[in-house]
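Working notes, structure below.
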Amino acid sequence: MSNIHRGSFALSDAKRFGYRDSRLNMQTPNPLPRQQNDRGEERKVGFEFELAGIDLEDCAELIAEIFGGEIAYHHSLQAEVESPGYGTFVVELDARMVQELAEKLEGAKPTRKGLVSWMGDAAEKIVPFEIVTPPLRLGDFDKLEQLRRRLQEMKAQGTKAAFVNAFGMHINPELASEEVDHVRDVLRAFLVLYPWLVKVMDIDFSRRMLTYIDPFPTSYLRLALPADYRPDWGQFITDYLEHNPNRNRALDLLPLFAHIDESSLNSLKESDRKLVKARPSYHYRLPNSEIDCADWTIARDWNRWVEVEKLAGERDKLERMAADYLEFLGKPLRIFSSWPKILDKEHGYRI
């Protein structure tokens, strides 16, 4: 019988599932359970930070100071920092339409730069600037945390600075393996842990309301979580797109699918397809951007992603937790219960 129906917590469950300290390491990034990719190379991870309250030039200059490199301004709303040894950092207004208009106006007449600047000032009230890093090594986290601290000192604003700030921090971990079974298990682990992650990360209401990180539908959970779900790449992509036909998922696999098969996204709307950049990585979009919170660190949210990959690598544990979650989803009165509380009490994921 499933642990869900037992009235008291059994010590054997703590041993079987392993407890997680509720105070995850906030200062030091934990290593991934699989630190190398299929080619035997150290896995890297890229980050995207959405923020406001600081201008593009200051962001670009700060990146160049910490990571080194030269700044190139493409127009008033986008800059790149080419950093030797790290790669290309991008700072841009996170609004494609405004960027394209800025490029056209400045390209036509340099005297229109003032208009573009005004557009940027107006757009900043609604959309954030975004800092996009190149893929970095785990050993580069100290510089990344230095960037975070300096932005905080410069009064950058994050998700909780205003009700309309639906800002996020995206994490793009490189794949450990391009085997479909491995990717499937990482997704299944995320599906099982998603309600817990939302709870412990206190995901902002504005972000959930605007659908950028919509939960996966229950119909997809029932398809993907059973132990006998073992699709090949073609079926895996087809099933995912049938139930999730857009980019608005907290774990967005579209960039990965485009890397595996560039034609696999042809069924998507062109507006969505144009925004997908093919890359061999997960696009984890759930964390808030808490750049203005004194106790926030990148390591804290990174370490919660590591929990997902740890669970994916422990097959027996994942299968048992997935079976329990499916049973929970089948309960007609589950709205009066809480899966995060079950994960806390019976599986060791503290809330």
Indicate the ring-plane relationship of Phe328 and Trp339, choosing parallel, tilted or perpendicular according to the 30° and 60° boundaries. tilted
How close do Pro255 and His283 get, counting heavy atoms only, and between which atoms? CG-CB, 4.1 Å
Answer yes or no: is there a donor N or O on one side and an acceptor on the other, between the side chain of Gln35 and the main chain of Glu42, under 3.5 Å? no
Assess the side chains of Glu174 and Ser281: does a donor N or O sit below 3.5 Å from an acceptor N or O? no
Under 6.0 Å between ring centres, would you say that holds for Tyr194 and Phe190? yes
Should Leu329 and Leu193 be regarded as members of a common hydrophobic cluster, given that ILVMFWY residues are connected when their side-chain heavy atoms come within less than 4.5 Å of each other, either directly or indirectly? yes
With sequence neighbours left out, the residues meeting side chain to side chain donor-acceptor pair (under 3.5 Å) with Arg137 are none
Tyr73 versus Glu57: any side-chain heavy-atom pair under 4.5 Å? yes
Show your working on side-chain contact (heavy atoms from CB on, under 4.5 Å) between His170 and Phe49 and close with a plain yes or no. CA-CA 7 Å; His170 301 177; Phe49 303 92; over 6 Å; no
Under 3.5 Å, is there a donor-acceptor pair between the Asp239 and Gln235 side chains? yes
Within a reach of under 6.0 Å around CD of Glu70, are more than 12 heavy atoms found that belong to other residues, nucleotides or ligands? no
Is Val90 reachable from Met169 through a run of I, L, V, M, F, W or Y residues, each pair having side-chain heavy atoms under 4.5 Å apart? no
Output yes when Glu290 and Arg148 qualify as a salt bridge under the 4.0 Å nitrogen-oxygen rule, no when they do not. no
Rounded distance [0.5 Å steps], CG in Asp185 versus CD in Glu179: 12.0 Å
Taking Tyr229's backbone N and O only, do any of them form a donor-acceptor pair with Arg184's side chain (distance below 3.5 Å, no angle check)? yes
Please work out whether the ring planes of Tyr349 and Trp196 are parallel, tilted or perpendicular, with thresholds of 30° and 60°. perpendicular
Rounded to the nearest 0.5 Å, how far does CG of Leu225 lie from CG of Leu318? 8.0 Å
Just by modelled atom types, is the Glu178 backbone N or O under 3.5 Å from a matching donor or acceptor in the Asp38 side chain? yes
Using the salt bridge (charged side-chain N to carboxylate O under 4.0 Å, His left out) rule, take Lys155 and Asp292 through it: C-alpha gap first, then chi angles, then the decisive distance, then the call. CA-CA 7 Å; Lys155 306 301 182 184; Asp292 48 357; over 6 Å; no
Work out which heavy atom in Ser267 is nearest to a heavy atom in Leu241; give both atom names and the distance. OG-CD1, 3.9 Å
Answer yes or no: is there a donor N or O on one side and an acceptor on the other, between the side chain of Asp261 and the main chain of Ser263, under 3.5 Å? yes
Where the side chain of Ser83 meets the backbone of Gly69, is there a donor-acceptor pair that is under 3.5 Å apart? no
Single-linkage hydrophobic cluster Val306~Val183, side-chain heavy atoms < 4.5 angstrom: yes
Option passing salt bridge (Lys or Arg N to Asp or Glu O under 4.0 Å) with Glu309 (candidates Arg43, Arg34, Arg304): Arg43
Nearest-0.5 Å distance that lies between atom CZ in Phe141 and atom CG in Asn30: 10.0 Å
Between Gly168 and Glu50, what is the shortest heavy-atom contact and its length? N-OE1, 2.7 Å
Ile203 and Leu197: CA distance, side-chain angles, deciding distance, side-chain contact (heavy atoms from CB on, under 4.5 Å) verdict: CA-CA 8 Å; Ile203 298 303; Leu197 290 166; over 6 Å; no
Is there a side-chain contact between Leu56 and Leu93 in this structure, where contact means two heavy atoms from C-beta onward sitting under 4.5 Å apart? no
Are Glu319 and Arg188 close enough for a salt bridge, meaning some N to O gap below 4.0 Å? yes
Heavy-atom donor-acceptor pair, Asp344 side chain to Ile351 backbone, under 3.5 Å: yes
Are Glu48 and Arg285 close enough for a salt bridge, meaning some N to O gap below 4.0 Å? no
Does the side chain of Ile66 reach to within under 4.5 Å of the side chain of Tyr86, using non-hydrogen atoms? no
Shared hydrophobic cluster for Leu51 and Met154 (ILVMFWY, side-chain gaps under 4.5 Å): yes
Which heavy-atom pair separates Leu144 from Phe67 by the least distance, and what is that distance? N-CZ, 4.1 Å
As an exercise, state the distance from CG of Leu191 to CG of Leu221, rounded to the nearest 0.5 Å. 5.5 Å
Between Phe47 and Asn172, what is the shortest heavy-atom contact and its length? N-ND2, 4.5 Å
Is there a continuous path of hydrophobic side-chain contacts, each under 4.5 Å between heavy atoms, that joins Leu265 to Trp233? yes
Using only heavy-atom distances, determine whether the side chains of Asn288 and Trp296 contain a donor-acceptor pair under 3.5 Å. no
Is there a donor-acceptor contact under 3.5 Å from the side chain of Arg300 to the main chain of Met201? no
Answer yes or no: is there a donor N or O on one side and an acceptor on the other, between the side chain of Lys317 and the main chain of Leu311, under 3.5 Å? no
For the backbone of Phe257 and the side chain of Ser264, can you confirm whether one donor and one acceptor N or O come within less than 3.5 Å of each other? yes
Determine whether Asp252 and Tyr284 satisfy the following criterion, side-chain contact (heavy atoms from CB on, under 4.5 Å), listing intermediate values before the conclusion. CA-CA 6 Å; Asp252 171 21; Tyr284 175 49; over 6 Å; no
If you compare all heavy atoms of Cys59 against all heavy atoms of Ile131, which two are closest, and at what distance to 0.1 Å? SG-CD1, 4.1 Å
Side-chain (Gln152) to main-chain (Ile291) donor-acceptor, under 3.5 angstrom: yes
Hey, can you tell me if Tyr282 and Trp305 have their rings parallel, tilted or perpendicular (30° and 60° cut-offs)? tilted
Before giving the answer on side-chain contact (heavy atoms from CB on, under 4.5 Å), spell out for Met321 and Val192 the whole-Å C-alpha distance, their side-chain angles and the decisive distance to 0.1 Å. CA-CA 7 Å; Met321 290 177 65; Val192 168; 3.9 Å; yes
Min side-chain heavy-atom separation Thr297-Glu145 under 4.5 Å: yes
